[in-house]
Amino acid sequence: MSPLKVKIIYIILVLSTLLNACEEQNKQPGNLNTYAPKIVKATAPEIRVIKIPPKVIPVKYAQSKSAGKPKIVHLNSNIHPAGTPKVISAGKPVIC
């Protein structure tokens, strides 16, 4: 076979392969983006709720007491007053 015929056959094979691949991709329904995440239906688990009435316990000997005087705790503060700033003049600028 001549080199020209080999090139023509090679070009026809490449083009037919590309055309076949494009058709296969178009056959898949709704495949706009192959990297898009899958969409699945979310379902919540069922939770059974058991309703039990609360148990009431009566208080027999209720007495009230005063809590007493609260204790004051002084804390060390990390805030300190600032002093007056010291200003130092640099003098006249010198042009070289």
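Quick note: residue numbers are just sequence positions, from 1.
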Would you say Leu15 has more than 12 foreign heavy atoms packed within less than 6.0 Å of its CG?
-> yes
Residues clustering with Ile8 (ILVMFWY side chains joined when closer than 4.5 Å, directly or via others) | Leu4, Ile12
List, by chain and number, the other hydrophobic cluster members for Val40, where Ile, Leu, Val, Met, Phe, Trp and Tyr join if side-chain heavy atoms come within less than 4.5 Å, directly or indirectly.
-> none
Interatomic distance, NE2@His80 vs CG@Asn78, rounded to 0.5 Å, equals 6.5 Å
Counterpart residues, side chain to side chain contact (heavy atoms under 4.5 Å, CB included), relative to Leu13 (two or more places apart) | Ile9
